[in-house]
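Here the structure is laid out as structure tokens; the discussion comes afterwards.
All residue numbers refer to positions in the sequence shown, counting from 1. All ligand and atom numbering here is 1-based and tracks the order in the structure. If you're wondering where the values come from, they're calculated on a predicted model, not measured in any experiment. Quick note: numbers below take in every heavy atom, side chains included, and nothing from hydrogens, waters or symmetry partners.
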Amino acid sequence: MFIYIIAFILGSLIGSFLNVCIYRLPRNLSIITPASRCPACNTPIRPYDNIPFLSYIFLGGKCRVCRAEISFRYPLVEFLNAALYALVLWRYGLGWQIPLYFLFCSALVVIIFIDLDFQIIPDSITLPGIVIGLIAGSFFLPDPFMRNDPLGFQSSIIGLLTGGGLFYAVAVLSRGGMGGGDIKMMAMAGSFMGWKSVLMTTFFGSLSGAVVGILLMIFKGQGRKTKIPFGPFLALGVLITLFFGQEILTWYLSGRFP
Ligand SMILES: [Zn+2]
């Protein structure tokens, strides 16, 4: 229990930093300096007002100085990252995979929110992510479908090529319906998880994207031309595969469908 609490606290602290990345990366601002400021009144945020979730609650969701509302997204990102770190620990146990999957999950969190805001997935995340994924997948990570077995270089590089290639093909066939950011994101996911995971990720990513797209059309009357960023759905597909891929595959192969 104790290590889950540590993972959760670490996840929320890193989540606080991810909020900075989500705001500054797409605006080409430095993620190191200056220290966080209130976007409304520009007052630097004091360390004791920067505690994940708790400060948000104590301050009633408002800036201490100017009382401007603080977006609910800040505690949400912190909580999401914290929950993912606890899930990684629960599924994969202690070992080298821990810091690497932490990094991978945090990259996905940043991608989700930047893609929602700007419909871009920054190369500054995906390109280093592909390199780290290839090294991690080759030497340190298990196969999400067989968590006791290592992934290995071959599965990692084939995953990279499958993820990148599949989405490159979709981009060509749909004449720009798929962005370059999605291609690189899936190459990164493939390098971390292998080609089988790429297929499951694509399945759940497309399924959830289609469901939300149809719901938007029905309830908001949005036309088919409304652009919905695909990155958040792909990230959801990755997380489903990472945490439940083995169970889903076992269930599927058993042939016992409801
Ligand atoms: Zn303020």
Notebook entry, point to check: Looking at residues at least two apart in the chain, or sitting in another chain, which of them share a side-chain hydrogen bond (donor to acceptor under 3.5 Å, both in side chains) with S106?
Noted result: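 Partners of S106 under the side-chain hydrogen bond (donor to acceptor under 3.5 Å, both in side chains) test: N81, Y85.
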Next item on the list: State which residues pass ring-ring contact (aromatic ring centres under 6.0 Å, His included) with Y101; sequence neighbours excluded, sorted by chain then number.
Entry: Y92
Item checked: Among I14, L84, V88, the one residue meeting side chain to side chain contact (heavy atoms under 4.5 Å, CB included) with F102 -> V88
Next item on the list: Work out how many protein N, O or S atoms lie closer to the Zn ion (ligand 1) than 2.8 Å.
Entry: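 Of the protein's nitrogen, oxygen and sulfur atoms, 4 lie under 2.8 Å from the Zn ion (ligand 1).
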For residues 136-143, run the donor-acceptor check on the side chains, cut-off 3.5 Å, and write out each pair with its distance to 0.1 Å, sequence neighbours left out.
| residue | atom | partner | partner atom | Å |
| --- | --- | --- | --- | --- |
| S138 | OG | L134 | O | 2.5 |
| D143 | OD1 | F145 | N | 2.9 |
| D143 | OD2 | K196 | NZ | 3.4 |

Next item on the list: Using a cut-off of 6.0 Å, state whether more than 12 heavy atoms not belonging to Q154 lie near its atom CD.
Entry: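 No - once you tally the heavy atoms of other residues, nucleotides and ligands closer than 6.0 Å, there are 12 at most.
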Next item on the list: Please state whether the rings of F192 and F104 are parallel, tilted or perpendicular, taking 30° and 60° as the class boundaries.
Entry: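 Geometry flag for F104 against F192: parallel rings.
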